[in-house]
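Computed over heavy atoms, backbone and side chain alike; hydrogens, waters and symmetry mates excluded. None of the values given here were measured: they were computed from a predicted structure.
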Amino acid sequence: MTASHTATSSVQRDHLGTLSVLAWSGDPETNNTPYLLAYSLGDGKDGAEGGEAAVRTLFGELGIPLGSSLADGSRPGFPVRLLVEGGQAAVNMPYLSAQCPVPPEWLRAVAERGEVHFMFATKPWPQAVPGRPVSEEVLSAFVGDADMLSTAAHCMLPVTQLRK
């Protein structure tokens with residue numbers, strides 16, 4: 001994940017640590033929702049606690065609540081955008097942007113739904129190191145964790161693509 005720090009933000013990038021993004025989709029037979037999860041490894045300047053505080057500050061500044069409410073990313077001026085192109089998902093928001101490869105079943109779910117459930121976890125996930133596969137069991141344990149879900153930002157983001 002790439003990032004920049006601006007004078008108008010109180011988010012300190014070095015507190016966030018290593019950030020990553022992971023894509024998966026629900027069962028096509030029952031829940032073909034495409035998901036995108038952003039998370040920190042918890043390896044920032046002040047460890048996991050500093051990373052959690054930095055994510056909370058970031059979403060507070062963006063006006064996106066943490067918890068169970070699902071923010072509507074289609075509203076005008078919403079600060080998080082999603083571009084899907086060339087087998088990649090790119091999330092852009094103030095202070096941060098990230099890109100990750102996405103699996104074919106995720107792309108099919110995106111084509112069917114036109115939107116993605118984006119989550120940004122405040123809880124660090126040090127086991128999900130970028131570039132290493134994450135098993136279905138490990139993913140299910142993290143995204144099914146009540147504490148993670150109740151402290152994450154949740155947004156439904158419309159998918160944009162480059163015009164051809």
Side-chain angles (χ1 to χ4, degrees), residues 1-25 33-103 106-107 109-110 114-132 134 139 142-143 145 147-162:
M1 188 170 236
T2 57
S4 62
H5 176 73
T6 65
T8 60
S9 169
S10 60
V11 176
Q12 296 184 8
R13 176 64 178 97
D14 59 346
H15 290 193
L16 289 169
T18 305
L19 297 172
S20 191
V21 178
L22 182 69
W24 79 98
S25 56
T33 301
Y35 296 93
L36 199 59
L37 172 68
Y39 59 93
S40 168
L41 296 184
D43 59 352
K45 181 180 177 186
D46 291 333
E49 289 177 1
E52 286 185 53
V55 172
R56 288 177 187 280
T57 299
L58 171 64
F59 280 89
E61 288 181 6
L62 296 177
I64 299 173
L66 299 176
S68 60
S69 64
L70 191 57
D72 179 4
S74 67
R75 348 181 278 258
F78 194 77
V80 182
R81 300 270 182 249
L82 174 64
L83 173 70
V84 177
E85 194 66 39
Q88 301 276 319
V91 176
N92 293 297
M93 54 194 287
Y95 326 121
L96 303 169
S97 63
Q99 183 174 316
C100 76
V102 294
W106 190 89
L107 290 171
V110 163
E115 62 183 3
V116 171
H117 184 149
F118 173 67
M119 292 181 273
F120 201 118
T122 61
K123 181 179 177 181
W125 193 17
Q127 299 80 11
V129 176
R132 293 189 196 155
V134 174
L139 174 64
F142 187 74
V143 300
D145 180 75
D147 184 47
M148 189 290 287
L149 289 170
S150 68
T151 59
H154 297 265
C155 312
M156 285 307 290
L157 298 178
V159 174
T160 58
Q161 295 181 314
L162 298 175

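Scored by the ring-ring contact (aromatic ring centres under 6.0 Å, His included) test, W24 finds Y35 as partners (sequence neighbours excluded). By the side-chain contact (heavy atoms from CB on, under 4.5 Å) test, S40 pairs with L19, sequence neighbours left out. Shown here are the salt bridge (charged side-chain N to carboxylate O under 4.0 Å, His left out) partners of D14, two or more places apart in sequence or in another chain: there are none. Applying the side-chain contact (heavy atoms from CB on, under 4.5 Å) rule to A128 yields the partners Y39, W125, V134; only residues at least two apart in sequence or on another chain are considered. Judged as a side-chain contact (heavy atoms from CB on, under 4.5 Å), and not counting sequence neighbours, the contacts of L62 are L58, F59, I64, P79, M93, P94, Y95. D72 meets the side-chain contact (heavy atoms from CB on, under 4.5 Å) test with S74, R75; sequence neighbours excluded. In terms of the side-chain hydrogen bond (donor to acceptor under 3.5 Å, both in side chains) criterion, residue partners of Q88 (sequence neighbours excluded) are, by chain and number, Q99. Annotation: side-chain hydrogen bond (donor to acceptor under 3.5 Å, both in side chains) contacts of D43 (sequence neighbours excluded): T18.
A salt bridge (Lys or Arg N to Asp or Glu O under 4.0 Å) check over residues 120-132, counting only residues at least two apart or in different chains, returns the pairs K123-D145. Residue pairs meeting the ring-ring contact (aromatic ring centres under 6.0 Å, His included) criterion with at least one partner in residues 64-89, sequence neighbours excluded, do not occur; the list is empty.
When all heavy atoms of A121 and M148 are compared, the pair lying nearest together is CB-SD, 3.8 Å. Pairing each heavy atom of E52 with each of P124, the nearest pair is OE2-CD, 3.5 Å.
Judged purely by atom type and a 3.5 angstrom limit, T160 uses its side chain to pair as donor or acceptor with the backbone of L82.
Within the 4.5 Å cutoff, no side-chain heavy atoms of L66 are placed close to those of T151.
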